[in-house]
Amino acid sequence: MDKTVTFSFSSTKYEGTEVTETFTFKELGIDDDLDDKALKIEIDRIFQAWVWDKLNISFSIVIE
C-alpha cells in the first residue's frame, strides 16, 4: 500500500475557506526511502506550494 499525506487548511477569518486533499507519495514524487528529517523538509516544501496554489489571488488597485 502506498504511503499518503493529507494537506488541509482553513481560514479562521473567512467562513467556508477550507480545503483538504490526500495524495500518495508517488503522486507527489516523494521517495519512500527518505529519512524523517529529509521527508519533513520535502513535505513542508510541497505543502507551501500547494497552499499558495489554492490561494491564487488576483487583484488590481486603480487610483484616479
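All residue numbers in this chain count up from 1 along the given sequence.
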First locate atom CG of Leu28, then atom CZ of Arg45, and finally report the distance between them rounded to the nearest 0.5 Å. 9.5 Å
In Å and rounded to the nearest 0.5 Å, what is the CG to CZ distance from Leu34 to Phe25? 8.5 Å
Should we say atom CD of Glu15 is surrounded by more than 12 heavy atoms from elsewhere, each under 6.0 Å from it? no
Relative to the ring of Trp50, is the ring of Phe9 parallel (under 30°), tilted (30 to 60°) or perpendicular (over 60°)? perpendicular
Does the side chain of Thr17 pick up a donor-acceptor pair with the side chain of Ser11 at under 3.5 Å? no
Donor-acceptor pair, Glu27 side chain versus Thr24 backbone, under 3.5 Å? yes
Taking the side chain as everything from C-beta on, heavy atoms only, tell me whether Val51 gets closer than 4.5 Å to Val19. no
Among Thr20, Ile43, Thr22, which residue satisfies the side-chain contact (heavy atoms from CB on, under 4.5 Å) criterion with Phe7? Ile43
Check ion pair Lys40-Asp36 (N to O, under 4.0 angstrom): no
In Å and rounded to the nearest 0.5 Å, what is the CD1 to CG distance from Ile30 to Asp2? 11.5 Å
Taking Ile41 as the starting point, is it possible to reach Val5 by hopping between hydrophobic residues whose side chains are less than 4.5 Å apart? no
Trp52 side, atom CH2; Phe47 side, atom CZ - distance, nearest 0.5 Å: 11.5 Å
